[in-house]
Amino acid sequence: MIKVIITDDHTLIRDGLKSLLKSDRSIQVVGEAENGAQLLELLETVTPDVVMLDLNMPVMDGFEALTQVQAKYPHVKVLILTMLDQDSYVTKVRTAGALGYVLKTAGRTELIHAIKTVAENNSYICSEVALNLLNRVNNGPGEQQEFSGKGTSDLSKREMEVLRLIAEGYTNAEIADKLFASKRTIESHRQHLIEKTKAKNTATLIKYAIQQGLID
């Protein structure tokens, strides 16, 4: 069971997230906070696996809360859930220790996958942010390749199909539907792709697909 605390200053958002997560039996919401200060108070009595943290909040915003959580509760994983999609924010919070970054426009499937990924101490960036980062990398001068994997000859036919669909922005669940496979199988393929290409995240995995000529 993954224990989660939701931190957001909007009651409607918190209620919606609790309702959404209730459908997954492996996730339990063990607390909620309206701002960073309330979160820190809550962490004195409640021990979650993952803290879902908004960035733009009154009293104490997500940036300051993240810094303090990392300093006082380093075992707690932090997943940023925000409307802010600027590259500078992504870089700032990941440098500060956040494992995940998801936009509030993400769907249920992607959000749950992000929580589970972060709970396992793995990094996760939602597909929309990853594509934005990729565009910035591709448009920037003299950017170095961010992966050191081998060519497509090392990938199976099914892995190639999954890679193309990831690069087109489909979620694991959507890819599973398209390929008539289970979501767990697609998650396994995604992990194998990351391992084989030595990509750091979804953005560099997509970049790999572009550079190998798998997508335009």
Considering residues at least two apart in sequence or located in another chain, which fulfil the side chain to side chain donor-acceptor pair (under 3.5 Å) criterion with [X]?
X      : answer
Glu161 : Arg158
Lys183 : Glu187
Arg94  : none

Check for a donor-acceptor pair, side chain of Ser23 on one end and backbone N or O of Ser19 on the other, with a separation under 3.5 Å. no
Checking one residue: Leu81. Which other hydrophobic residues are in its cluster under the side-chain 4.5 Å linking rule? Ile2, Val4, Ile6, Ile13, Leu17, Leu20, Leu21, Ile27, Val29, Val50, Met52, Leu79, Leu99, Val102, Leu111, Ile112, Ile115, Val118, Tyr124
I want to check something: taking the side chain as every heavy atom from C-beta on, are [X] and [Y] in contact at a cut-off of under 4.5 Å?
X      : Y      : answer
Ile166 : Leu193 : yes
Leu43  : Lys72  : no
Tyr101 : Leu103 : yes

So for atom CG, which belongs to Asp15, do other residues, nucleotides or ligands contribute more than 12 heavy atoms lying within a distance under 6.0 Å? yes
Can you list every salt bridge (charged side-chain N to carboxylate O under 4.0 Å, His left out) pair that touches residues 171-181, not counting sequence neighbours? none
Which residue pairs pass the salt bridge (charged side-chain N to carboxylate O under 4.0 Å, His left out) test when at least one of the two sits in residues 52-66, sequence neighbours left out? Asp54-Lys104
Verdict with supporting geometry, Thr117 and Asn122, side-chain contact (heavy atoms from CB on, under 4.5 Å): CA-CA 5 Å; Thr117 300; Asn122 294 315; 3.6 Å; yes
Full working for side-chain contact (heavy atoms from CB on, under 4.5 Å) between Tyr73 and Glu44: CA-CA 10 Å; Tyr73 309 98; Glu44 293 178 2; 3.7 Å; yes
